[in-house]
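Each chain gets a letter, A, B and so on, in the order its sequence line appears, and its residues count up from 1.
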Amino acid sequence: MRWSQTYIPTLREAPADAELISHQLMLRGGYIRKLASGVYLYLPLMQRVIDKFSQIVRDEMNAAGALEITMSVLCPAEIWQESGRYETAGKEQMRMKDRRNHEMVLCGTHEESVTTLIKGEVKSYRQLPMNLYQIQVKFRDEIRPRFGLMRGREFIMKDAYSFDATEESFEVSYGKMVNAYFNIFRRAGIEAVKVESDTGAMGGKAAHEFMFLVDTNAGEEVIMFCDKCDYAANSEKATFVDPNKPTLDTEMKGMETVDTPGAATIEEVTFFLKVESTRLAKTLMYMADGEPVAAMIRGDRDLNEIKLKNALGAIELEMATPDQVQQYTSAPVGFAGPIGLKEVKILVDPLVAELKNFVVGANENEKHIVNVNIDRDFKADLVVDLSLAAGEDGCPNCDAGQLICKSGIEVGNTFMLGTKYSDALGAKFLDEKGAEQLIIMGSYGIGITRTPQAALEKYCDDKGIIWPKSIAPYLVEIIPLKPGDQTQMEAAEKIYNDLEAAGLDVLMDDREERPGVKFNDADLIGLPIRITIGDKSLKDGNVELKARCEKDFALVPVGDIVGAVKQLAERLN
RNA sequence: CGGGGUGUGGCGCAGUCUGGCAGCGCGCAUGCUUUGGGAGCAUGAUGUCGGAGGUUCAAAUCCUCUCACCCCGACCA
């Protein structure tokens, strides 16, 4: 492709509303433009990136035995109502009515559609296993779209769905997908790690996420890693071994209400009462689907709202407002406790449940109660892990390990759905014995538009993008410094034709621009290899061959360029 | 939804406090010169100042309402 024949509108300055480096580079490099909040247009370079990454995904999915199909973005609301997700998806779901006033959904994922398809087709265990996938646009009315393609309201996703007759067969299917994912990200030049994750609104029994680890503030997820073993989990999901176990009293002491004037926070109370924060239980008031809930966490720990939400089976969970706290505890924020609470469900973290003689709020302004003991002084409705794992916590998987926090961008996910959707929508088959069984399902996503942008958080420098070669829009950029010069252009055309004939993707900057402009644009759009054709080296029959990620260039005779380019590409990421 | 902020030519911004000709840099067009890391000179085009209403002799500027966009939080299949 010649620069003059395509459309690469580079910008000297990034539009002011782009925060992330990757977002700025996408805009400045002429890859994308914004149409509305969370809605982007993909320009020619981006389209090529999408095509290249999609092709890698396609190759590996096909190699794993999955079949490509295309399902409609539109879906009748009824099957979402049947699966129950019409409720749980809530405002996240784009909806519309057709001209007959029929409710339709603009899908953000396709479990309902694909399960409806399968239920009409699969009748026998002989037809299983099966895996169907598509690469298609998705709609999610994100509460807060941001970071360009990282969190849009419309985006492209590869979504796959597996169908199996038995658990054993499902394990194999799931393993194939996990394996395919590692291949995909490796081939795309992106190092992704697999971590345990919460299942969220997808439901099912377990899930994993594939994370691209970054040092920038683009990481929307916090991942906990063990420094000794291979344990890795999203912080939403991570469990841990408590490293700060307090020494426990042997006997229960008598409960006593004490004045704690001005002491509402954990720090203030520990200072005032001169007790360790590990001997104090904080009681956090939440509203779960409109019902008040008290969650008790040891003073030194933070609550994991996902764990709380899951323990309650709640759809909506939010912290109680100060007014609600006053209403349910008869005290201002800071003095809530479990004793005397009425009509409030009490959930207690195990680290609190094991304590003896601990401190809680008294549900009375400026008062706390000391020497409180669970069961004797109050009853928990449920004792369940509610604590957020933190750095330096013990690893839940091995003895010696400590957890470490890292920031990551989710580029893929895999869900063990079990029979949630087949049950809800009635997708059954007959097994060998002629007995009716529910199909066991999995679903598997990869962000086609998100992943390349995520990669840019790492693959860039102060001049611009440095694409991994397999998802770069072109492999090579040729820069004839003087397009008006006949000798230079002859060399440029020969190189251009030779490279194209060798099947390599080439972009030639044939614009009548000054060298500085071309060099800067080349660095900005970030093609892996640059060939500069100028008088300096051409007088000896050479051109300059340079990798975007390296500082030095090599002189290569015009006739040897194809081999030299291939050789250079070989050692680039 | 709560908190903070921004809307002025394609992009980046000044002007708003204190009402008085709508400006600057880049980009764009034409010409000449220039040509190995974002050229110089000259000439030129491009704006319903986000929108609606109001105050005023006069509104980008003051008031009211509204819309869009960004950041933090909640949310995230």
Side-chain angles (χ1 to χ4, degrees), chain A residues 9-20 23-24 27-28 30 33-39 80 83 85 88-94 105 107-112 138-148 150-153 155 157 159 161 197-204 207 209 217 220-221 234 236 286-287 305-306 309 314-319 321-322 409-410 412-415 417 420-421 443-447 450 463-464 479-485 488 511-524 530 532-539 543-544 546 553:
Chain A
T10 57
L11 301 172
R12 289 205 180 189
E13 290 173 283
D17 53 14
E19 183 88 349
L20 293 187
H23 186 194
Q24 292 174 359
L27 289 163
R28 283 193 58 213
R33 289 293 184 260
K34 185 174 74 179
L35 184 62
S37 180
V39 181
W80 282 78
S83 74
R85 287 208 294 181
T88 55
K91 291 179 180 162
E92 216 72 13
Q93 189 168 52
M94 293 272 193
V105 166
C107 288
T109 180
H110 279 76
E111 281 78 8
E112 282 77 3
K138 294 280 177 281
F139 293 90
R140 289 180 195 171
D141 200 355
E142 291 288 347
I143 228 165
R144 182 148 90 86
R146 60 181 149 180
F147 299 156
M150 216 74 100
R151 183 162 297 280
R153 294 192 293 171
F155 55 95
M157 185 163 112
D159 46 323
Y161 306 89
S197 67
D198 184 64
T199 54
M202 282 302 274
E209 288 168 340
N217 59 345
E220 291 193 299
E221 310 283 346
N234 191 313
E236 291 177 348
Y286 277 84
M287 299 303 292
E305 291 192 1
I306 303 290
K309 197 172 169 182
I315 296 169
E316 295 282 341
L317 179 76
E318 47 189 356
M319 278 201 101
T321 61
I409 301 169
E410 180 186 347
N413 52 33
T414 57
F415 293 90
L417 297 176
K420 172 174 168 161
Y421 296 93
S443 80
Y444 315 88
I446 287 181
R450 173 190 281 187
K463 301 290 274 179
I479 302 184
L481 291 177
K482 285 185 212 161
D485 180 291
Q488 278 189 26
R511 293 176 301 170
E512 287 283 357
E513 288 285 354
R514 294 171 61 87
V517 172
K518 293 187 176 187
F519 287 140
N520 279 301
D521 272 346
D523 288 343
L524 177 59
R530 188 180 86 191
T532 307
I533 300 168
D535 292 337
K536 263 197 236 168
S537 33
L538 195 59
K539 64 177 165 29
V543 296
E544 293 158 23
K546 180 185 172 300
F553 61 82

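Here A:Gln24 pairs with A:Ala14, A:Ala18, A:Ile21 under the side chain to side chain contact (heavy atoms under 4.5 Å, CB included) rule; sequence neighbours left out. Take A:Lys546 and apply the salt bridge (Lys or Arg N to Asp or Glu O under 4.0 Å) test, not counting sequence neighbours, and it matches no residue. With sequence neighbours left out, A:Glu142 forms a salt bridge (Lys or Arg N to Asp or Glu O under 4.0 Å) with A:Arg151. With sequence neighbours left out, the side chain to side chain contact (heavy atoms under 4.5 Å, CB included) criterion links A:Asp159 to A:His110, A:Gln134, A:Lys138, A:Met157, A:Tyr161. The side chain to side chain donor-acceptor pair (under 3.5 Å) check on A:Glu112 picks up A:Ser83, A:Arg85, with sequence neighbours excluded. A search for side chain to side chain donor-acceptor pair (under 3.5 Å) contacts involving A:Ser37 returns nothing, not counting sequence neighbours. Legend: residues meeting side chain to side chain contact (heavy atoms under 4.5 Å, CB included) with A:Ala36, ordered by chain and number and at least two apart, are A:Val39, A:Arg153.
Remark: B:C26 base-pairs with B:G10; criterion is Watson-Crick or G-U wobble with both hydrogen-bond distances under 3.5 Å. Figure legend. B:U18 is base-paired to no nucleotide; pairs are counted as Watson-Crick or G-U wobble with both atom distances under 3.5 Å. The pairing partner recorded for B:U56 is none, the criterion being a Watson-Crick or G-U wobble arrangement whose two distances lie under 3.5 angstrom. The partner of B:G73 is B:C1, by the rule that a Watson-Crick or G-U pair needs both atom distances under 3.5 Å. Taking a pair to require two hydrogen-bonding distances under 3.5 Å in either a Watson-Crick or a G-U wobble arrangement, B:A39 pairs with B:U33.
For the pair A:Met287 and A:Thr321, the minimum side-chain heavy-atom distance is 4.5 Å or more. Residues A:Pro9 and A:Arg33 form a side-chain contact, since some pair of their non-hydrogen atoms from C-beta on lies under 4.5 Å apart.
Ranked by how close their nearest RNA chain B nucleotide is to the 5' end, A:His23 and A:Ala14 are led by A:Ala14.
Look at the C1' atom in both B:G15 and B:U61: the space between them is 9 Å, to the nearest Å. With P as the reference atom, B:G12 and B:G7 are 11 Å apart, rounded to whole Å. Comparing the C1' positions of B:C76 and B:G27 gives an interatomic distance of 39 Å, to the nearest angstrom. Across B:A22 and B:U48, the matching C1' atoms stand 13 Å from one another, rounded to whole Å. The separation of B:G20 from B:U16, taken at their C1' atoms, amounts to 14 Å, rounded to a whole angstrom. With C1' as the reference atom, B:U33 and B:A14 are 33 Å apart, rounded to whole Å. Distance check on atom P: B:U64 versus B:G4 gives 16 Å, rounded to whole Å. The gap from the P atom of B:A45 to that of B:U30 amounts to 15 Å, rounded to the nearest Å.
Using a 4.0 Å heavy-atom cutoff across all strands shown, A:Ala18 reaches no nucleic acid atom at all. Among the protein residues, A:Glu305 comes within range of the sugar-phosphate backbone only, with heavy atoms under 4.0 Å from sugar or phosphate atoms but none that close to a base. Note on A:Lys34: only backbone sugar-phosphate atoms sit closer than 4.0 angstrom, heavy atoms only; bases stay farther off.
For A:Ser37, whose side chain is taken as the heavy atoms from C-beta onward, the closest listed nucleotide among B:C76, B:C71, B:C70 is B:C70. For A:Asn413, taking side-chain heavy atoms from C-beta onward, the closest of the listed nucleotides B:A77, B:C76, B:G12 is B:A77. Among the nucleotides B:A77, B:C72, B:C11, the one closest to the side chain of A:Phe147 is B:C72.
To the nearest angstrom, C1' of B:C70 lies 16 Å from CE of A:Met150. Taking atom CD of A:Glu142 as the reference point, atom P of B:A74 lies 14 Å away to the nearest angstrom. As rounded to whole Å, 15 Å separates atom P of B:C69 from atom CG of A:Leu27. Atom CD of A:Glu13 and atom P of B:G9 are 14 Å apart (whole Å). If you take CZ of A:Arg511 and C1' of B:G27, they are 13 Å apart, rounded to a whole angstrom. What separates CD1 of A:Ile143 from P of B:A74 is a distance of 10 Å, to the nearest Å. The CD atom of A:Glu209 sits 11 Å away from the C1' atom of B:A77 (whole-angstrom rounding). The CZ-C1' distance, from A:Arg33 to B:C69, rounds to 17 Å in whole Å.
Within 3.5 Å, no donor on the side chain of A:Arg144 pairs with an acceptor on the base of B:C75, nor the reverse.
Remark: A:Asp17 CG to A:Arg146 CZ distance equals 15.0 Å, nearest 0.5 Å. From A:Leu11, atom CG reaches atom CG of A:Asp521 across 9.5 Å, with rounding to the nearest 0.5 Å.
Not one side-chain nitrogen or oxygen of A:Lys138 sits closer than 4.0 Å to the OP1 or OP2 atom of B:C76. Regarding contacts with the backbone of B:C72, a side-chain N or O of A:Arg146 is found under 4.0 angstrom from either OP1 or OP2.
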Q | Annotated protein contacts, base or backbone, on nucleotides 29-39 of chain B with a non-hydrogen cut-off under 4.0 Å, one of B, S, - each | A | -----BSBBBB
Q. Base, backbone or nothing for each nucleotide of nucleotides 42-50 of chain B, written B, S, -, heavy atoms under 4.0 angstrom, 5' to 3'?
A. ---------
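A donor-acceptor contact shorter than 3.5 Å is absent between the side chain of A:Arg450 and the backbone of A:Ile409.
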